[in-house]
Amino acid sequence: MNGPTESLPGTDSAEERVLAVLRRTTLEIVPEVEPASFTPERTLSDLGCNSIDRAEIVTLTMEELDIAVPVHEFHQGMDIGTLAALMRKRL
């Protein structure tokens with residue numbers, strides 16, 4: 001990740017790592033996303049990601065983290081913080 005890593009309240013280093021990968025992947029897939037708008041309480045849809053973007057972001061993030069999360073655990077409207085926590089459990 002480029003730039004300093006800011007610690008978020010209530011997150012541990014593993015969850016921060018997941019958030020960093022999610023952020024970087026999101027910005028690679030949808031470069032028009034404003035980096036400052038990527039916050040844990042927002043959803044990928046809030047950031048303008050369509051369903052194909054969201055699937056690609058999640059898939060690439062899981063590949064980079066070398067984890068697998070069953071599809072049924074993902075829910076429509078899941079915020080980024082919840083998504084990161086779900087993925088963090090698989091590390």
Side-chain angles (χ1 to χ4, degrees):
M1 182 169 119
N2 296 332
T5 301
E6 294 180 24
S7 185
L8 299 170
T11 60
D12 61 22
S13 62
E15 194 162 329
E16 287 174 17
R17 177 176 167 230
V18 174
L19 281 167
V21 174
L22 271 169
R23 181 180 190 273
R24 186 178 64 251
T25 304
T26 299
L27 297 175
E28 287 172 6
I29 301 299
V30 189
E32 58 272 13
V33 169
E34 182 63 40
S37 67
F38 188 93
T39 59
E41 61 276 351
R42 308 266 327 254
T43 67
L44 292 173
S45 294
D46 291 343
L47 301 178
C49 301
N50 63 37
S51 59
I52 295 169
D53 296 334
R54 294 189 307 268
E56 193 169 358
I57 290 164
V58 168
T59 300
L60 291 174
T61 299
M62 289 192 301
E63 285 177 5
E64 183 168 335
L65 296 170
D66 195 28
I67 60 172
V69 179
V71 173
H72 72 272
E73 292 191 28
F74 296 103
H75 303 283
Q76 179 106 11
M78 183 179 281
D79 64 54
I80 293 167
T82 303
L83 180 59
L86 178 65
M87 290 181 171
R88 188 251 179 260
K89 291 178 187 176
R90 301 294 178 158
L91 288 177

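For the numbers below, each heavy atom of this structure counts, side chains included, while hydrogens, waters and symmetry mates do not.
When side chains are defined from C-beta on, L83 counts as touching V58, because their heavy atoms get closer than 4.5 Å. The shortest side-chain heavy-atom distance between E63 and L60 falls under the 4.5 Å cut-off. A heavy-atom distance below 4.5 Å is found between the side chains of V69 and L86. Between M87 and V21, the closest side-chain pair of non-hydrogen atoms is not below 4.5 Å. For the pair C49/I29, no side-chain contact is recorded, criterion being any heavy-atom separation below 4.5 Å from C-beta on.
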Exercise. Hey, mind stepping through V18 and I67 against side chain to side chain contact (heavy atoms under 4.5 Å, CB included) and telling me if it holds?
Worked result: CA-CA 11 Å; V18 174; I67 60 172; 6.0 Å; no
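Not counting sequence neighbours, the partners of E41 by the side chain to side chain donor-acceptor pair (under 3.5 Å) test are T39. Judged as a side-chain contact (heavy atoms from CB on, under 4.5 Å), and not counting sequence neighbours, the contacts of L27 are R23, V33, P35.
For residues 64-86, every residue pair satisfying the side chain to side chain donor-acceptor pair (under 3.5 Å) rule, not counting sequence neighbours, is listed here: R24-E64, E73-R90, D79-T82.
Taken to the nearest 0.5 Å, the CG atom of L44 stands 6.5 Å off from the CZ atom of F38. Distance OG/S13 to CZ/R88: 7.5 Å, rounded to 0.5 Å. Distance check, rounded to the nearest 0.5 Å: OG1 of T26 to CZ of R54 gives 11.5 Å. Atom CG of L19 is separated from atom CD1 of I80 by 8.0 Å, given to the nearest 0.5 angstrom.
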